[in-house]
> 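Encoded as structure tokens, here's the structure I'll be asking about.
Numbers for residues simply follow the sequence, beginning at 1.
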Amino acid sequence: MPSSRRQFLKTVKLAAGTAGLATLGLAFHETGAPSPKGALVRNFDFSVATPGPKLAIAHGRDRAKLLGACLQELGGLSRFIAPQDRVLLKVNAGFASPPEIGATTHPDLLAAMIQLCRQAGAERILVSDNPISDPATCFSLNGLASACQKNGAELLLPGPRDFAQLTLPGGRLIRDWPVMLGALTGVNKVIGLAPVKDHIRAKATMGIKNWYGVLGGRRGVFHQDIHQIVLELAMLVRPTLSVVDGVQTMMHNGPTGGSLDDLADTQTMIVGVDPIAADAAAVSLLGLRAQQVEYLNLCQAAGLGTLDIIGLNPREMSL
């Protein structure tokens, strides 16, 4: 067996062991534990209310080309990012696994978005997430740290100082809970970059659930009320854009996976102004209807977006 293949399988085996415990809701990395101090009361709305298309879908295998094509159909990134903007790219870096496993945001997608933000004149490009285990290890193994370094983005590895107690207005679960304000403060545009995956509890994890990564503390307790916490995450952060990567989709054993056999070659990229609609489009890659995912119904009922993809007249293309 070639040495590169042996090393890959060794990395996958190590990642699968870590991921298996994560699936059970056990967190190795806990940052920003709850404290008795008073909490901020707020949410974060980075949406841009400019006229134009709201949803674009492209089919193919080249993530950079698919992303560029979707953004072009939405009017170009300049519709959303202006010179001197300070941009957070919220990735899914949750697990210490190689990008081939599909458990995390693909570094090629991150690299392409960093380059496009730079071309749009962004003053600052910050990349962050609060992984389930050691952030430095996760960002290194999944290739996202390298993508930041090679393309000139600032990587925020979260530490205790990046978290503060926060209460979500109207929230039932996010009350006096540590939230990663170090990433959300000081930026004026936010773009989510997430893979499409099966999820053992929620049925699907895509763009909205990606915001789970801004929570600190013993956030595994929220798995007992998974659909409510995803609803509250959609209330907490309204992104400028939601990018959902279904070039490959994790069909089984999500959200961690661990085998290439868990993936399907679904060749789809979705970019939306409405994160609920983007997820509603993406969930079909898992063979589900949006109405079968409880948190999507809750989000629509709360007025956070729509499941009526056809009504948005999505721009769709194949490359």
> How far apart are the closest heavy atoms of P107 and A147, and which atoms are they?
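Of all heavy-atom pairs spanning P107 and A147, the closest is O-CB, 3.8 Å.
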> Please report the shortest heavy-atom distance between K203 and L288, naming the atom on each side.
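Closest heavy-atom pair between K203 and L288: O-CD1, 4.1 Å.
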> For V190, does its backbone N or O pair with a side-chain atom of T240 as donor and acceptor, under 3.5 Å?
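Pair found, side chain donor or acceptor close to backbone of V190.
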> Centroid separation under 6.0 Å, is that true for the rings of W211 and F44?
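Aromatic pair excluded; centres sit 6.0 Å or further apart.
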> Do the side chain of S140 and the main chain of A136 share a donor and acceptor less than 3.5 angstrom apart?
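No, S140 side chain to A136 backbone: no donor-acceptor pair under 3.5 Å.
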> Counting N and O atoms only, with roles assigned by atom type, does the side chain of S146 sit under 3.5 Å from a partner on the main chain of G143, one being a donor and the other an acceptor?
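Answer holds: no.
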> Compare every heavy atom of N92 with every heavy atom of L144, then report the nearest pair and how far apart it is.
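Taking L144 first and N92 second, the nearest heavy atoms are CD1-O, 4.0 Å.
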> From T185 OG1 over to M180 CE, what is the distance, rounded to the nearest 0.5 angstrom?
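It is 10.5 Å, given to the nearest 0.5 Å.
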> Establish, from distance only, whether the side-chain atoms of Q119 and Q115 form a donor-acceptor pair under 3.5 Å.
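Looking only at side-chain atoms, Q115 and Q119 do not form any donor-acceptor pair under 3.5 Å.
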> L260 and E100: which non-hydrogen atoms are nearest, and at how many Å?
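Taking L260 first and E100 second, the nearest heavy atoms are CD2-O, 3.4 Å.
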> I'd like to check I191 versus F80 (side-chain heavy atoms, cut-off strictly below 4.5 Å). Are they in contact?
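No. Closest side-chain heavy atoms not under 4.5 Å.
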> Determine the minimum heavy-atom distance between L285 and G246, stating which atoms define it.
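So the minimum-distance heavy-atom pair works out to CD1-CA, 3.8 Å.
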> If I take atom CG from residue L236 and atom CG from residue L231, how far apart are they, to the nearest 0.5 angstrom?
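Output value for this atom pair is 11.0 Å.
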> Side chains of T306 and D308: is there a donor and an acceptor less than 3.5 Å apart?
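No, no side-chain donor-acceptor contact under 3.5 Å.
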> For a side chain to side chain contact (heavy atoms under 4.5 Å, CB included) check, start with the C-alpha distance between I229 and I174, then their side-chain angles and the critical distance, and finish with the verdict.
CA-CA 8 Å; I229 191 62; I174 303 177; 3.8 Å; yes
> Within the structure provided, determine whether C138 and F95 are in side-chain contact (heavy-atom separation under 4.5 Å).
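Side chain of C138 against side chain of F95, heavy atoms only: no contact under 4.5 Å found.
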> State whether a side-chain donor-acceptor pair under 3.5 Å links H106 with Q248.
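No, no side-chain donor-acceptor pair sits under 3.5 Å.
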> Any Lys/Arg nitrogen of D225 or R172 sitting under 4.0 Å from an Asp/Glu carboxylate oxygen of the other?
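So D225 pairs with R172 through a salt bridge.
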> Under a 4.5 Å cut-off applied to non-hydrogen side-chain atoms, are I309 and L55 in contact?
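A side-chain contact exists here, since the closest heavy-atom pair is under 4.5 Å.
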> Checking D279 against K209 for the salt bridge (Lys or Arg N to Asp or Glu O under 4.0 Å) test, could you report, in this order, the C-alpha distance in whole Å, the side-chain angles of both residues, the deciding distance, and whether it holds?
CA-CA 10 Å; D279 275 12; K209 194 180 176 298; over 6 Å; no
> Can you tell me if K197 uses its side chain to pair, donor with acceptor, with the backbone of P255 under 3.5 Å?
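Yes, the answer is positive, given that a donor and an acceptor are paired below the 3.5 Å cut-off.
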> Do S128 side-chain atoms and L156 backbone N/O form a donor-acceptor pair below 3.5 Å?
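Here the side-chain-to-backbone pair exists.
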> Atom CG in L304, atom CD1 in I208: separation rounded to 0.5 Å?
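Rounded to the nearest 0.5 Å, the CG-CD1 separation comes out at 8.0 Å.
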> Testing the basics here: between D129 and K90, what is the closest heavy-atom pair and its distance to 0.1 Å?
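Closest approach of D129 to K90: OD1-NZ, 2.8 Å.
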> Keeping the roles fixed (side chain from D45, backbone from S47), state whether a donor-acceptor pair exists under 3.5 Å.
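Yes, because the side chain of D45 sits within donor-acceptor range (under 3.5 Å) of the backbone of S47.
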> Step by step, would you call N297 with Q291 a side chain to side chain contact (heavy atoms under 4.5 Å, CB included)?
CA-CA 6 Å; N297 291 292; Q291 290 77 11; 4.0 Å; yes
> Does N210 use its side chain to pair, donor to acceptor, with the backbone of M206 at less than 3.5 Å?
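No.
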> In the structure I gave you, are the side-chain heavy atoms of V127 and E154 within less than 4.5 Å of one another anywhere?
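The answer is no, as the side chains (C-beta and beyond) never meet within the 4.5 Å cut-off.
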> Between L263 and T249, does a side chain to side chain contact (heavy atoms under 4.5 Å, CB included) hold up when you go through it step by step?
CA-CA 5 Å; L263 303 179; T249 293; over 6 Å; no
> Around atom CD of Q292, are there more than 12 heavy atoms from other residues, nucleotides or ligands closer than 6.0 Å?
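Counting neighbours around CD of Q292, more than 12 heavy atoms of other residues, nucleotides or ligands fall under 6.0 Å, so yes.
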> Start with the C-alpha distance between T167 and R175, add both sets of side-chain angles, then the distance that settles side-chain hydrogen bond (donor to acceptor under 3.5 Å, both in side chains), and finish with yes or no.
CA-CA 4 Å; T167 291; R175 302 190 63 80; 5.3 Å; no
> Relative to each other, are the rings of H223 and Y212 parallel, tilted or perpendicular (30° and 60° limits)?
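Plane angle under 30°, so parallel.
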> Measure the shortest side-chain to side-chain distance between L233 and L215 over non-hydrogen atoms and say whether it is less than 4.5 angstrom.
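Yes, side chains in contact.
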> Tell me, yes or no, whether the heavy-atom count around R118 atom CZ, taken from other residues, nucleotides or ligands under 6.0 Å, exceeds 12.
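At most 12 heavy atoms, drawn from other residues, nucleotides or ligands, come within 6.0 Å of this atom.
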> Any non-hydrogen side-chain atom of F222 less than 4.5 Å from a side-chain atom of W177?
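Side-chain contact under 4.5 Å: yes.
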> Side-chain heavy atoms nearer than 4.5 Å, only ILVMFWY residues, links allowed to pass through others: does that put M317 and M269 together?
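In one cluster with M317: M269, yes.
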> Check each of K189, Q84, R86 against R124 using the side-chain contact (heavy atoms from CB on, under 4.5 Å) test, and report the only one that passes.
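Exactly one option meets the side-chain contact (heavy atoms from CB on, under 4.5 Å) with R124, and it is R86.
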> Just so I know, are the side chains of L110 and C148 near enough to count as touching, which here means a heavy-atom distance under 4.5 Å?
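Yes. Closest side-chain heavy atoms under 4.5 Å.
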> Calculate, to the nearest 0.5 Å, the distance between atoms CG and SG belonging to L77 and C117 respectively.
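That separation rounds to 5.0 Å.
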> Using 0.5 Å steps for rounding, measure from the CD1 atom of I114 to the CG atom of N151.
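It is 5.0 Å, given to the nearest 0.5 Å.
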> Look only at the side chain of H227 and the backbone of Y295, and say whether a donor-acceptor pair between them is shorter than 3.5 Å.
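Yes; judged by distance alone, with no hydrogens or angles, the pair exists.
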> Test F139 against L157 for side chain to side chain contact (heavy atoms under 4.5 Å, CB included), laying out the working first.
CA-CA 8 Å; F139 272 97; L157 296 176; 3.5 Å; yes
> If we only count heavy atoms from C-beta on, is the I270 to T268 side-chain gap below 4.5 Å?
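Yes. Closest side-chain heavy atoms under 4.5 Å.
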> For the hydrophobic clusters of this structure (ILVMFWY residues joined by side-chain heavy atoms under 4.5 Å, transitively), does one cluster hold both V91 and V214?
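The answer is no; the residues belong to distinct hydrophobic clusters.
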> Quick one: pull up CG in D245 and OG1 in T266 and give me the separation to the nearest 0.5 Å.
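These two atoms lie 8.0 Å from each other.
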